[in-house]
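Everything below concerns the one structure shown next.
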Amino acid sequence: MTRKILSDLRIATLDAGGAPYGLIDRGAIGVEAGRIAWAAEADAMPAGWSGVETESFGGRLATPALVDCHTHLVFGGNRAREFELRLEGASYEEIARAGGGIVSTVSATRALTEDALVESALPRLDRLIGEGVATIEVKSGYGLTVADELKMLRAARRLEKLRPVRVRTSYLGAHAVPPEYKDRADAYIDEVAIPGLEAAGAEGLADAVDGFCEGIAFSPGQIARVFDRAKALGLPVKLHAEQLSDLGGAKLAASYGALSADHLEYLGQDGVAAMAKAGSVAVLLPGAFYFLRETERPPVAALRAAGVPIAVATDCNPGSSPMTSLLLAVNMACTLFRLTPEEALAGATREAALALGLGDEIGTITPGKRAEFAIWDVEHPAELAYRIGDNPLYRRIVEARD
């Protein structure tokens, strides 16, 4: 079996419950067959590892490789003009109701081939990989026909073959009502969202099922119909919830044992309690909050008090968060939502892994997990949240996966 030692590191294991950040000051990591064998102080190396190939990292910081657990990375076109309109006074909801918003991206996405979608997504993916991301979630939701939703999911799957990154896909057929179904949302659920879900499940294209529960999208009852079918297919669910209002989406998602509920600016205490009981992760998306100039913040103190895991993601998308920097999202989570730097970094590693159902495999530097690390030119992990517009990544290490 292939063995190696990464030495002369300050290690932020991000294990919960111990020292801040799970810090090991003068540490080393043993890797065997693509997995972490041990992580310890340099003078506490286990027996049997002397003489193993060793690489020194000059005292740099090691963290788990980053995890971006909420993105819409595959899409066509851009919405720069809508950005101008918002600055001129139009609201996100007004733009959406006038035929802009998600629906405008739908037209651009439908017009592209699968190959073109892959080609357009790769530069965005490369920027995330360049910041230490090794796992990314990618949603559909801009096709809104069965064929176009499947096209998006196939494009997302192909990204994993073209770059050294793990891709988890989410079927987001219940994202918006397309123009041809205007005022017929129930018919869209019956004729497109659910059949598309069944087709994605049959083809093995979806790792999870998502939806947008909001006044400009779908009601809790409509989302429940999609989730019932997901449950029958054995697929986990997650939900865009309480971004613009409190419709009880997070509580609904929790009733299905959702992996996560995301956005959550208008989340009430009943939703917090439901998520805590279900073990669902709260995925905060400060990029959208910033870009849309929102003022209602997620109830971080309530989530923290209830013990709900808090993840942080880019929400990379063309309309409300055209951001390809998870480090910037970490900074924003601190400055805008008042997470601590430790919480924000855990949110982009440990808790983000939980939000994808991968907590047993990645997200912390723990024996038995995948050997996937980010090595940084910083002295302390708080610097990863502190810096703005800086990328101190020295190297991303992703060992071969078995």
Side-chain angles (χ1 to χ4, degrees), residues 1-68 128-136 160 163-166 326-327 330 341-342 345-354 356 358-385 387 390-402:
M1 286 190 180
T2 304
R3 283 178 158 191
K4 64 174 65 175
I5 296 172
L6 314 181
S7 70
D8 196 11
L9 287 166
R10 193 173 203 202
I11 305 168
T13 68
L14 273 300
D15 277 327
Y21 300 94
L23 269 179
I24 300 172
D25 272 323
R26 291 174 294 281
I29 303 169
V31 174
E32 185 169 11
R35 291 187 178 264
I36 300 165
W38 51 269
E41 296 284 352
D43 58 3
M45 183 174 66
W49 283 76
S50 60
V52 171
E53 175 190 353
T54 300
E55 182 175 3
S56 174
F57 286 88
R60 292 180 172 88
L61 176 75
T63 70
L66 302 187
V67 178
D68 196 350
L128 289 164
I129 290 172
E131 284 194 349
V133 171
T135 299
I136 184 170
E160 192 173 57
R163 294 293 187 272
V165 67
R166 178 185 294 100
L326 188 52
L327 290 177
V330 165
E342 182 178 2
L345 182 56
T349 52
R350 182 182 71 225
E351 316 300 13
L354 288 176
L356 298 181
L358 294 172
D360 291 337
E361 286 287 294
I362 59 172
T364 63
I365 299 178
T366 304
K369 292 191 178 184
R370 300 283 184 174
E372 299 179 3
F373 316 110
I375 311 297
W376 308 93
D377 270 321
V378 301
E379 295 182 4
H380 191 276
E383 292 181 56
L384 299 177
R387 298 174 185 235
D390 186 31
N391 179 11
L393 184 72
Y394 175 74
R395 189 191 306 176
R396 194 194 71 142
I397 298 173
V398 176
E399 292 294 320
R401 296 166 181 155
D402 51 26

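Throughout, numbering of the chain's residues begins at 1 and tracks the sequence.
- The structure places NZ of K369 at 8.5 Å from CD1 of I362, a figure rounded to the nearest 0.5 Å.
- How far CD of E399 is from CD1 of I36: 10.0 Å, rounded to the nearest 0.5 Å.
- Counting heavy atoms from C-beta outward, L23 and H380 have side chains that approach closer than 4.5 Å.
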query: Would R3 and E53 satisfy side-chain contact (heavy atoms from CB on, under 4.5 Å), going step by step from the backbone distance to the final call?
result: CA-CA 7 Å; R3 283 178 158 191; E53 175 190 353; over 6 Å; no

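- Contact between A348 and V330 at its shortest, heavy atoms only, is CB-CG2, 3.8 Å.
- The closest side-chain heavy-atom distance from P392 to E383 is not below 4.5 Å.
- Rounding to the nearest 0.5 Å gives a distance of 12.0 Å between CZ of R35 and OG1 of T366.
- Annotation: side chain of T135 is in contact with side chain of E372 (closest heavy-atom distance under 4.5 Å).
- Under the 3.5 Å distance criterion, the side-chain polar atoms of S56 are left unmatched by any main-chain donor or acceptor of T54.
- One distance of note links CG of L326 with CG of N391; it measures 11.0 Å at 0.5 Å rounding.
- A28 and S7 make their closest contact through CB-CA, 4.0 Å (heavy atoms, listed as atom of the first residue, atom of the second, distance).
- Applying side chain to side chain contact (heavy atoms under 4.5 Å, CB included) to W38 and the options I5, I29, I365 leaves one that passes, I5.
- The shortest side-chain heavy-atom distance between L327 and L66 falls under the 4.5 Å cut-off.
- In this structure, A374 and L393 approach most closely via the heavy-atom pair CB-CD1, 3.9 Å.
- Proximity of E379 to L61: side-chain heavy atoms (C-beta onward) are nowhere separated by under 4.5 Å.
- Of all the heavy atoms in P341 and Y21, the pair that sits closest is CB-OH, 3.3 Å.
- Atom CG of D360 sits in a sparse spot, with 12 or fewer heavy atoms from other residues, nucleotides or ligands closer than 6.0 Å.
- Put simply, the residue from L6, T63, V398 that forms a side chain to side chain contact (heavy atoms under 4.5 Å, CB included) with F373 is L6.
- To the nearest 0.5 Å, the span separating CG on L356 from CZ on R166 amounts to 9.5 Å.
- Between the OH atom in Y394 and the CD1 atom in I375 there is a gap of 9.0 Å [rounded to 0.5 Å].
- Judged by distance alone, the side chain of T13 and the main-chain N or O of G22 form a donor-acceptor pair under 3.5 Å.
- Taking both residues in full, the closest heavy atoms of A134 and V165 are given as O-CG2, 3.4 Å, listed atom of the first, atom of the second, then distance.
- Checked for salt-bridge contact, R370 and E361 meet the test: a charged N lies under 4.0 Å from a carboxylate O.
- Legend: residues meeting side-chain hydrogen bond (donor to acceptor under 3.5 Å, both in side chains) with E55, ordered by chain and number and at least two apart, are R395.
- By the 4.5 Å heavy-atom criterion applied to side chains, V31 and I397 are not counted as neighbours.
- Residues L14 and G363 share a closest heavy-atom pair of CB-O, 4.2 Å.
- Checked by atom type and distance alone, the side chain of R396 pairs as donor or acceptor with a backbone atom of V133 at under 3.5 Å.
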